[in-house]
Structures are given as C-alpha cells and as structure tokens.
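Counting starts at 1 for both ligands and their atoms, following the listed order. Hydrogens, waters and symmetry mates play no part in the numbers below; they use all other heavy atoms, side chains included.
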Amino acid sequence: MRKRQLGWTDLHLTTIGLGTWALGGGEWEWGWGPQDDRESIVTIRRALDLGINWIDTAAVYGLGRSEEVIGKALRLIDERPIIATKCSLVWGEDRVVINSLKKKSVKEEVEASLKRLGVEIIDLYQIHWPNPEEEIEEGWGAIADLVKEGKIRYAGVSNFKIEQLKRIQPIHRVASLQPPYSMLRRGIEDETLAYCAEHDIGVIVYSPMQKGILTDKFSREWALGLPESDHRARDSRFQEPMLSVNVEFVEGLREMAKEKGKTIAQLAIAWTLRRPEVTAAIVGARKPYQIEETVQAGEWELTEEEIERIAELLDKRPDVIE
Ligand SMILES: NC(=O)c1ccc[n+]([C@@H]2O[C@H](COP(=O)([O-])OP(=O)(O)OC[C@H]3O[C@@H](n4cnc5c(N)ncnc54)[C@H](OP(=O)(O)O)[C@@H]3O)[C@@H](O)[C@H]2O)c1
C-alpha cells in the first residue's frame with residue numbers, strides 16, 4: 001500500500017488508516033448503534049492483513065470500548081500497527097462526557113489509554129477537541145511532558161483552528177492535525193491545508209465517506225431507518241432538507257463510480273487523497289467487507305477529468321450547510 005510521511009515525523013502512514021469510532025457501539029451519547037466486539041476484532045485484523053499500518057481511536061469512543069477492543073485484537077497479532085488515540089473528552093460513573101485539558105486529567109487519560117490498548121507507548125496522541133479553549137496551552141504542556149517521559153511518541157491535535165495551532169506551537173512542535181474532510185465538508189481547503197503544508201504538519205482527515213453517506217448503500221430509507229442509539233439519526237445531514245440534497249448528490253456519484261468500475265466509497269476516499277497536503281484518510285469500518293472495499297481507494301489516483309466531474313457535481317449541489 002502507498003505510504004506518506006506524517007509531517008516532520010518519522011511515521012510513514014498508509015494512505016488509508018482504520019477509523020474505529022463505530023467500534024464503540026451504541027451505549028453512549030455519540031454511539032453508532034449495536035456493535036459486536038467479535039466482529040470488530042475480525043475487522044481490525046482484516047484491515048491489518050490488507051496492509052493498513054495504523055489505527056485511529058479515542059478514549060471516548062464507547063467510553064473506553066473502542067480502545068479495549070483494539071487492545072484485544074493487538075494481543076492476537078505479532079506485528080503491532082501504529083496507534084493514534086485522543087484525549088480531552090472524559091466521563092465519570094454517570095457516563096456523562098465532559099471536556100477537560102487540565103494537566104492532571106490528561107496524565108490520567110494517557111495512563112488509562114495505555115492500559116486499555118495494552119501498549120507501552122502511544123505513537124500519536126491527539127487532543128480530540130480544543131475545549132475548554134482556555135485550557136489548550138495547559139493540556140498541550142502536559143502532552144509535551146508525556147513525550148519527554150516516553151509515554152507517547154508524537155503529539156497532534158484534532159478539530160483545531162489555525163489560531164489555536166499558533167497558540168500551542170511555541171510550547172511543543174505539532175506533528176499532525178486531524179480535521180473533517182469529505183466532498184460534503186470542504187472547510188480545510190480554504191486555508192488550513194496550506195498552513196499545515198507550510199509548517200510541515202501532517203494531515204489525517206476524518207469522515208471521508210461523511211459517516212456512510214458517500215457509499216453505495218446510502219438511500220433515504222437507510223438514513224431514516226437508523227436506530228436511536230446511532231447518533232447519525234440526529235445528524236442534520238441524515239435529515240431533511242439535507243437528506244434529499246445528499247440523496248441526489250450521491251446518485252450523481254453512483255453513475256460516475258459505476259462507469260469507472262469502482263464504488264462510491266472508493267471515489268469519496270480517493271477524492272480526499274488527491275490533495276498532496278493530506279497524509280492519509282481515516283476510513284471508518286465496523287465490518288470486514290467494508291474495509292476490503294475501501295482499502296482499494298488507497299491505490300486509486302483520480303485523473304484531472306475525474307476531479308473536474310466531481311467539481312461539477314458539487315457545483316450543482318445546493319449549498320445548504322458548509
Ligand atoms: N477527531 C474527530 O473529532 C473525529 C470525528 C469523526 C471521526 N473521526 C475518526 O475518523 C474515523 C472515520 O470517520 P467516521 O467513522 O466518522 O466516518 P466515515 O469513515 O466517513 O464512515 C464510516 C462508516 O461508514 C460505513 N461504511 C464504511 N465502509 C462502508 C462500505 N464499504 N460500504 C457501506 N458503508 C460503509 C460504516 O458505518 P455503517 O455500516 O453503520 O453505515 C462506517 O462506520 C472515525 O472512525 C474516527 O476514528 C474523528
């Protein structure tokens with residue numbers, strides 16, 4: 001599989017990384033409906049067998065469940081992949097999630113993640129959200145200490161704006177940014193990608209299939225049939241008026257993907273990778289067949305003509321949000 005270097009670090013990531021939010025299941029506020037841990041483990045192992053060399057997770061996904069399941073899968077394999085996880089979203093006995101970047105909280109979080117994952121060191125540790133905003137310097141300082149202590153290899157952030165990156169850079173060098181990026185969320189194209197390239201910050205983009213919208217199975221019936229324990233049932237992109245706009249857009253992609261002998265998911269992921277500033281796409285999968293299909297996007301380089309056709313479809317799409 002193709003690899004790209006993560007910014008200034010010595011990590012070489014396959015252009016497809018495995019995203020494991022959905023492996024956290026449905027029993028928490030931002031769940032993805034029921035998920036079988038055995039199927040999750042098979043999915044992780046399949047992804048690694050296919051050549052993917054890194055996994056993205058977060059402590060909060062399923063309130064520790066995604067990290068635990070990755071830990072179980074890792075115990076079954078010989079060669080450990082690169083592990084990226086995140087901090088700043090914490091919960092207590094009541095399972096209510098709050099934001100904290102207090103030094104003590106970050107240090108407790110890393111210990112808990114190391115334990116759940118069953119590893120000695122985390123390769124990429126990221127601040128999940130820049131909240132509470134007044135604590136970002138304190139949290140980043142704590143993470144800089146963790147690098148010195150050898151608990152984490154590199155430190156990155158997610159969902160940070162350029163101004164926030166500028167605030168933390170003097171404290172410790174930022175290895176990577178994890179922003180949303182898909183045909184339906186193009187905000188980083190304006191300034192963020194150029195900023196990251198200029199500062200040699202790696203960019204690993206999330207939700208490249210816009211949580212399942214940019215796939216062959218997407219339809220009105222499927223979106224409206226999502227269970228209540230799946231947070232997508234509350235996502236405006238899965239509801240009217242966005243739903244009809246998205247259904248129509250996906251129909252345009254369907255025609256194009258079919259013509260090329262590919263799937264919509266492959267088209268959507270390959271589209272994010274057309275940008276040289278993007279190191280890799282974090283591709284969510286909860287079943288083995290999903291990653292078997294999507295991993296192939298890593299080898300597809302879109303032609304100018306293909307990129308232009310997508311631009312035309314995007315131009316035709318009413319600008320409802322973002
Ligand atoms: N830093 C952050 O704030 C943040 C936010 C979001 C995501 N992320 C990371 O990025 C990863 C990827 O993003 P994401 O999971 O939100 O969205 P995504 O990768 O765009 O979509 C993943 C979902 O699409 C469906 N899917 C996957 N492959 C498919 C296929 N071949 N055919 C049909 N459906 C398919 C699966 O759900 P169903 O089968 O249920 O449809 C899967 O869970 C996450 O897992 C997480 O690691 C980070």
Side-chain angles (χ1 to χ4, degrees), residues 16-26 30-36 39-40 43-44 46-47 50 52 54-62 65-67 69-70 83-89 97 99 124-131 156-160 176-185 188 203-219 221-223 225-227 229-233 235 237-238 246 250 253-254 257 262-273 278 280-297:
I16 306 288
L18 179 68
T20 60
W21 179 6
L23 306 192
W30 295 97
W32 283 71
Q35 178 70 13
D36 178 350
E39 188 149 51
S40 298
T43 306
I44 293 167
R46 189 74 190 114
L50 288 163
I52 290 174
W54 66 288
I55 300 177
D56 179 77
T57 184
V60 78
Y61 294 163
R65 183 167 161 197
S66 174
E67 285 188 336
V69 101
I70 292 167
I83 301 289
T85 191
K86 315 184 194 84
C87 64
S88 83
L89 292 169
V97 176
N99 298 88
L124 181 65
Y125 201 55
Q126 307 154 100
I127 295 184
H128 205 152
W129 283 90
N131 300 319
V157 294
S158 178
N159 299 303
F160 269 49
S176 61
L177 173 68
Q178 182 177 146
Y181 188 45
S182 75
M183 290 178 196
L184 305 183
R185 282 188 90 176
I188 59 168
V203 181
I204 47 177
V205 299
Y206 73 70
S207 305
M209 296 171 282
Q210 201 52 60
K211 302 184 182 177
I213 292 176
L214 303 173
T215 66
D216 281 1
K217 60 118 179 279
F218 181 67
S219 70
E221 295 66 36
W222 174 79
L226 288 167
S229 60
D230 191 324
H231 77 280
R232 292 174 295 183
D235 183 326
R237 290 187 181 80
F238 292 73
N246 288 335
V250 170
L253 293 180
R254 199 182 303 279
K262 308 273 188 189
T263 68
I264 296 172
Q266 289 165 349
L267 182 56
I269 299 161
W271 181 87
T272 66
L273 293 172
V278 171
I282 313 174
V283 175
R286 59 199 310 185
K287 297 186 181 99
Y289 87 84
Q290 293 181 332
I291 198 68
E292 283 163 9
E293 175 189 327
T294 49
V295 74
Q296 297 173 46

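The atoms of ligand 1 that sit less than 4.0 Å from any heavy atom of Arg232 are 37 (O), 38 (P), 40 (O), 41 (O). Near Lys217, meaning under 4.0 Å from one of its heavy atoms, ligand 1 places the atoms 25 (C), 33 (C), 34 (N), 35 (C), 38 (P), 39 (O), 41 (O). Proximity to Ser158 (heavy-atom distance under 4.0 Å) selects the following atoms of ligand 1: 1 (N), 2 (C), 3 (O). For ligand 1, the atoms closer than 4.0 angstrom to any heavy atom of Gly284 are 12 (C), 15 (O), 19 (O), 22 (C), 27 (C), 28 (N), 42 (C). Taking every heavy atom of Lys211 and a limit of under 4.0 angstrom, the matching atoms of ligand 1 come to 16 (O), 17 (O), 18 (P), 20 (O), 21 (O), 24 (O). Against a heavy-atom cut-off of under 4.0 Å, His128 is close to the following atoms of ligand 1: 1 (N), 2 (C), 3 (O). Counting atoms of ligand 1 from 1 in the listed order, those under 4.0 Å from a heavy atom of Trp222 are 41 (O). Here is the list of ligand 1 atoms found below 4.0 Å of a heavy atom in Ala22: 43 (O).
The backbone and the side chain of Asp56 each have at least one atom closer than 4.0 Å to an atom of ligand 1 (non-hydrogen atoms only). With a 4.0 Å heavy-atom cut-off, ligand 1 is reached by the backbone of Pro208 and by its side chain too. When non-hydrogen atoms are compared, ligand 1 lies under 4.0 Å from the side chain of Glu293 (C-beta onward) but not from its backbone. By the criterion of a heavy-atom distance under 4.0 Å, the side chain of Arg286, and not its backbone, is placed next to ligand 1.
Glu293 places no side-chain N or O within donor-acceptor distance of the main-chain N or O of Tyr289, the cut-off being under 3.5 Å. Judged purely by atom type and a 3.5 angstrom limit, Asn246 uses its side chain to pair as donor or acceptor with the backbone of Arg237. Between the side chain of Arg232 and the backbone N or O of Trp32 there is no donor-acceptor pair closer than 3.5 Å. Although no hydrogens or angles enter the test, the distance criterion places no donor-acceptor pair under 3.5 Å between the side chain of Ser176 and the main chain of Val203. Side-chain N or O atoms of His128 include none that pairs as donor or acceptor with a backbone N or O of Cys87 at under 3.5 Å. Looking at Trp30, its side chain never comes within 3.5 Å of a backbone N or O of Trp21 through a donor-acceptor pair.
The shortest N or O to N or O distance between Gln178 and ligand 1 is below 3.5 Å. Here's the thing with Lys287: none of its N/O atoms is less than 3.5 angstrom from an N/O atom of ligand 1. Annotation: Asn159 places an N or O atom under 3.5 Å from an N or O atom of ligand 1; distance criterion only. Not one N or O of Val283 is nearer than 3.5 Å to an N or O of ligand 1, by distance alone. Considering both main-chain and side-chain atoms, Tyr289 never comes within under 3.5 Å of ligand 1 through any nitrogen or oxygen pair. Every N/O-N/O distance between Thr294 and ligand 1 stays at or above 3.5 Å. Geometrically, ligand 1 and Ser207 share a nitrogen or oxygen pair separated by less than 3.5 Å.
The nearest heavy-atom contact from the protein to atom 28 (N) of ligand 1 is Gln290 CB, 3.3 Å. Looking only at heavy atoms of the protein, atom 43 (O) of ligand 1 is closest to Trp32 CZ3, 3.5 Å. Scanning the protein for heavy atoms near atom 10 (O) of ligand 1, the closest one is Tyr206 CB, 3.3 Å. Looking from atom 44 (C) of ligand 1 to the surrounding protein, the closest heavy atom is Trp21 CB, 3.7 Å.
Gln126 is listed as a side-chain neighbour of Ile204, based on a closest heavy-atom distance under 4.5 Å.
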